[in-house]
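Input: a single structure, listed below in structure tokens.
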There are 2 protein chains.
Amino acid sequence: MSRKDSPSKREKILDVAEELFALHGYDGVTLRQIASGAGVDVALASYHFGKKLDLFQAVFDRRAALLNDARRDALHRCQAKAGKRGPSVEQIIEAFLRPLELAQETGDPGWRNYLALIAYINNSPYWGPRMMSKLFDALVQEFIEALRRALPEATDEDLYWCYNNLSGALTLTLAQTGRIDKLSGGRCTSDDFEAAYDHMIPFVAAGFRKVCKKRAR
Amino acid sequence: MSRKDSPSKREKILDVAEELFALHGYDGVTLRQIASGAGVDVALASYHFGKKLDLFQAVFDRRAALLNDARRDALHRCQAKAGKRGPSVEQIIEAFLRPLELAQETGDPGWRNYLALIAYINNSPYWGPRMMSKLFDALVQEFIEALRRALPEATDEDLYWCYNNLSGALTLTLAQTGRIDKLSGGRCTSDDFEAAYDHMIPFVAAGFRKVCKKRAR
DNA sequence: AAACAATTTCAACGGTTGTTGAAATTGGGC
DNA sequence: GCCCAATTTCAACAACCGTTGAAATTGTTT
């Protein structure tokens, strides 16, 4: 193998780490569990990635660029399709959410684990501020700018609190806790991302519209 | 002291555990950190609570009944005030959220940590299914029933997915990650629960209305 | 096939973890 | 002031943690 493509074990470590970190969090997983799950020695993780924290970061980084690109493409495409007035709230929310759904249909089951890991990090008071901003904030600001153009009466406070609501609804869905399965008696399932987004998009769009409507001041 | 009221150290352990578990999760906190923060020996936690997991459960249980009572009171009070047609969506959502805000104004700063802990548990694929249902599901079903009466055209799927959106938006807010502070350049702050709920209530209510409106079938 | 670098395993280290049994301390009832 | 029980500390255990240096293996180039 030519030095750049020895994917099997290195990639396997990332896959297992991704799955375990998403389920138990950073501190709930040991390097030995990861190595055992990947069928390799403990020291191999250190050899490839250095410290445990570096492995965590590597898992986090691996799919971030692809996800951002897919979202940015979706946003720009819907902006291009919309006329001079720009896309509607629904179209922008859709561009924000649908790439996540598509990521799950690539056949790579790792995407589900990765998105659950994002949910863990985004909801953590410790990891959230430390890891989310650097990779995701720039694109989020692009989406918020697009929303501002679609909602010309919105204040900054409105937009950011509404985005917080969107981000929270999305995060809980990505976390795949299976709570909705039990609550609904099996009528809804956490696995069904299509149903989740089909309900989330009109829900969130209506929320934005309501909050960002002109009011008496 | 008469055996039932030696609150100082036992309660202090719960307070510190609550704060640390909320910040770092179950596995991210050691009993020694908790004991150190409480100014007691490590063994005292075991003496009072048994295993580490039992302490975690004790922290989780401590305020659950109070929270449920406050929410149930708020729901029944708004149902009593509303006529025979029942309360509006906004009133139900308000009954679901405002007690959380009030809990923070009791002067006990532990409530903030407790709600952040709930957010951690609710968003965790591991802890969520294990701990949330037993204490919270019954009341959640009451709220969903009330919402069903306010939204007679809603299907079960609509209601549960919308509740999922509500729960997610709430969870991210309770987690107090401070991300909205940075995103908004300081215009919004995670600490401001009143502002959060002021935006969340109309947002969520509009979402419910939109999704649960009669459609072509 | 020899030489070399990249990969992988082996073995071990110092430090930390949750837990426990026994000792020490505290505080109220007689 | 003595007894008893509840509380708190002390000391220590076996198990496990992340990390590292050296050895073994593998794969590629010459």
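Because the structure is predicted, anything quoted here is derived from the model rather than measured. So you know, we letter chains A, B, ... as the sequences are listed, proteins then strands, and number each from 1.
- Put simply, CG on B/Leu31 is 20 Å from P on D/dA12, counting in whole angstrom units.
- You'll find that the side chain of B/Leu44 is closest to D/dT9, out of C/dT8, D/dT9, D/dT19.
- The distance between the ring centers of A/Phe203 and B/Trp161 does not fall below 6.0 angstrom.
- Summarising the geometry, the separation between CG on A/Asp54 and C1' on D/dG18 is reported as 12 Å, rounded to the nearest angstrom.
- The side chain of A/Lys51 has D/dT19 as its nearest neighbour among D/dT19, D/dT8, D/dG18.
- Within the 4.0 angstrom heavy-atom criterion, base atoms lie near B/Val42.
- Atom CD1 in B/Ile34 sits about 11 Å away from atom P in C/dT19, given to the nearest Å.
- Put simply, CZ on A/Arg32 is 11 Å from P on D/dT19, counting in whole angstrom units.
- When the nucleotides C/dG18, D/dT19, D/dT9 are ranked by their closest atom to the side chain of A/Lys52, D/dT19 comes out on top.
- Nearer the 5' end of DNA chain D, as judged by each residue's closest nucleotide, is the contact made by B/Gly39, out of B/Gly39 and A/Ser46.
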Going through the distances and angles, do A/Val204 and A/Leu170 end up as a side chain to side chain contact (heavy atoms under 4.5 Å, CB included)?
CA-CA 10 Å; A/Val204 168; A/Leu170 173 59; over 6 Å; no
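- We find that CZ of B/Phe56 is positioned 18 Å from P of C/dT17, with the value rounded to whole Å.
- Going from atom CZ of B/Phe49 over to atom P of C/dT20 covers 16 Å, rounded to whole Å.
- Salt-bridge annotation for A/Arg98 and A/Asp198: present, with a side-chain N of the basic residue lying under 4.0 Å from a carboxylate O of the acidic one.
- Between B/Phe21 and B/Tyr120, the ring centre distance reaches or exceeds 6.0 Å.
- When side chains are defined from C-beta on, A/Leu67 does not count as touching A/Arg63, because their heavy atoms never get closer than 4.5 Å.
- Here C/dT9 is the nucleotide among C/dT9, D/dT7, C/dT19 with the atom lying nearest to any side-chain atom of A/Lys9.
- The separation between B/Asp27 atom CG and D/dC16 atom C1' is 14 Å, rounded to whole Å.
- Side-chain N/O atoms of B/Tyr47 include one lying less than 4.0 angstrom from OP1 or OP2 on D/dT7.
- Atom CD of A/Gln33 and atom C1' of D/dC16 are 11 Å apart (whole Å).
- The nucleotide whose nearest atom lies closest to any side-chain atom of A/His48 is, among C/dT8, D/dT8, D/dT9, C/dT8.
- In terms of position on DNA chain C, the residue among A/Asp41 and B/Ala43 whose nearest nucleotide sits closer to the 5' end is A/Asp41.
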